[in-house]
Amino acid sequence: MPEDIKSLSEQELKEAFAKMGEPAYRAQQVYKWLHMGVNSFDEMTNISKKLRQVLVEKYYISRAAIEKKLISDYDGTRKYLLSFHDGEMVESVLMKYHHGYTSCISTQVGCKMGCTFCATGKSGFSRNLTASEMLSQLQTEQQDANIRISNIVLMGMGEPLDNFENVIRFLKLVSSENGMNIGMRHISLSTCGIVPRIYELADMKLQLTLSVSLHAPNDQIRSRTMPVNRKYPVSELLKACRYYVQQTNRRISFEYAMIDGVNDSDACARELTVQLKGILSHVNLIPVNAVGGTGYQKSKKERMTRFISILEKAGITATVRRTLGSDINASCGQLRRSVRDGHEEGGG
Ligand code: SAH
Ligand code: SF4
């Protein structure tokens with residue numbers, strides 16, 4: 001079985017090349033090509049034909065092929081359905097902000113966490129993505145749109161902390177000097193709250209932004225919509241968040257999908273202010289995307305405004321997240337479901 005060359009660090013590649021009798025600078029040349037996004041060894045024009053042949057036999061270069069692409073008429077957001085060598089598919093979304101391009105990539109094919117409001121959660125789990133498959137999503141988008149990505153959010157399909165090793169490997173590769181060189185401060189990782197992994201991440205002291213999908217102020221509501229809460233309840237999760245801030249000095253971003261009549265009352269807002277007291281945080285309110293079959297509806301605008309004002313009075317900053325690409329169902333999980341099951345999802 002050929003090995004996944006693009007998941008190797010520059011150091012690991014140098015060690016592998018040393019075993020083949022190749023100098024370190026050669027490994028560095030190959031590393032640079034891989035991170036520029038070449039899809040074959042033949043594109044590595046400064047590498048001898050002989051060595052390219054050896055590499056072809058020993059390694060493969062992972063790639064993400066475009067199966068489907070939707071471009072928003074409103075804001076140019078591009079949503080991709082991408083496939084890997086085994087035919088498994090994930091979604092990635094490329095968004096343009098005033099400061100540059102942000103890519104929202106997937107970390108798993110499907111997800112095991114089963115959140116009741118989430119299209120990905122409803123589709124089950126197939127497999128983890130490798131570090132190179134995460135990189136390939138970015139590279140395919142860059143090539144297709146002819147742009148450079150400056151920011152990354154791990155907020156597509158899958159739970160990043162349930163694929164911890166590959167995600168950490170990806171973060172090191174994508175931020176490496178001879179790689180895409182995207183600094184940790186330009187990367188956000190979103191988690192449903194796998195507590196032991198939050199502690200582990202905190203101890204690594206990376207400068208990335210941690211987003212925590214909270215979506216409820218207490219166990220009663222949270223366990224109903226997010227099964228992971230039965231294992232790691234709100235109190236444990238927030239304790240881990242406090243530790244994260246203490247270790248990294250980074251503000252945590254709490255995601256809160258506003259679901260009509262479920263988690264959007266004044267009482268919920270007040271309870272949230274108590275829970276978040278003393279945590280360096282920012283709250284992102286997202287009107288829930290009504291995924292087919294869940295019965296959930298997004299909260300009314302007035303409700304969101306009122307919710308925010310309660311948070312702000314308690315000194316907690318909160319914003320309603322700008323929804324890009326709302327005409328193309330840009331939130332992840334919905335496109336793959338619609339292609340796989342032969343129907344388009346409502347909402348957006
Ligand atoms: N598994 C990780 C990251 C992927 S989900 C996590 O759960 O955090 C990315 C974000 O989209 C999460 O905040 C998730 O809760 C949210 N989300 C999922 N389905 C949604 C929906 N139907 N409407 C609004 N937000 C949703
Ligand atoms: Fe998985 Fe995140 Fe969806 Fe929950 S919201 S099912 S953790 S992808």
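All ligand and atom numbering here is 1-based and tracks the order in the structure. Given the structure is predicted, the values throughout are model-derived calculations rather than measurements.
- Of the candidates Asn289, Leu189, Asn284, Thr225, the one placing a heavy atom closest to atom 21 (C) of ligand 1 is Asn289.
- Within ligand 1, counting atoms from 1 as listed, the ones closer than 4.0 Å to a heavy atom of Thr191 are 6 (C), 8 (O).
- Side-chain atoms of Glu141 and Ser103 form a donor-acceptor pair, as typed in the model, at a separation below 3.5 Å.
- At least one side-chain heavy atom of Ile286 sits less than 4.5 Å from a side-chain heavy atom of Glu255.
- Using a 4.0 Å cut-off to heavy atoms of Glu255, the atoms of ligand 1 that qualify are 13 (O).
- The backbone N or O of Asp4 lies less than 3.5 Å from no partner atom in the side chain of Ser7, so there is not a single donor-acceptor pair.
- At a 3.5 angstrom cut-off on N or O pairs, Met155 does not count as close to ligand 1.
- Close approach to Gly158 involves these atoms of ligand 1, each under 4.0 Å from a residue heavy atom: 1 (N), 2 (C), 3 (C), 4 (C).
- You'll find the side chain of Phe254 stays beyond 4.5 Å of the side chain of Leu272, heavy atoms only.
- Sorted by chain and number, the protein atoms of type N, O or S within less than 2.8 Å of atom 3 (Fe) of ligand 2 are Cys118 SG.
- The ring of Phe41 has its center no closer than 6.0 angstrom to the ring center of Tyr59.
- Nearest-residue assignment for atom 3 (C) of ligand 1 (options Ala119, Ser213, Ser190, Cys104; heavy-atom criterion): Ser190.
- Proximity to His215 (heavy-atom distance under 4.0 Å) selects the following atoms of ligand 1: 13 (O), 14 (C), 15 (O).
- Evaluated for a side chain to side chain donor-acceptor pair (under 3.5 Å) with Lys6, the options Gln139, Glu133, His35 yield exactly one hit, Gln139.
- In this structure, Ser211 has no heavy atom closer than 4.0 Å to ligand 1.
- Closest to atom 4 (C) of ligand 1 by heavy atom, among Ala257, Pro160, Gly156, is Gly156.
- Note: His85 and Tyr60 meet the aromatic proximity criterion, with ring centroids under 6.0 Å apart.
- Looking at Leu189 and Thr209, their side chains never come closer than 4.5 Å, going by heavy atoms from C-beta outward.
- With a 4.5 Å cut-off on side-chain heavy atoms, Lys239 and Arg242 do not count as touching.
- Judged by distance alone, the side chain of Asp219 and the main-chain N or O of Arg230 form no donor-acceptor pair under 3.5 Å.
- Counting only N and O atoms by type, the side chains of Thr248 and Gln207 include no donor and acceptor under 3.5 Å apart.
- The shortest separation from a heavy atom of Met226 to ligand 1 is not under 4.0 Å, leaving the residue out of contact.
- The distance between the ring centers of His215 and Phe117 falls below 6.0 angstrom.
- Distances between N or O atoms of Cys111 and those of ligand 1 include no value under 3.5 Å.
- Using a non-hydrogen distance threshold of 4.0 Å, Gly121 does not register as a contact of ligand 1.
- Taking a cut-off of under 4.0 Å to the non-hydrogen atoms of Val291, the atoms of ligand 1 that pass are 22 (N).
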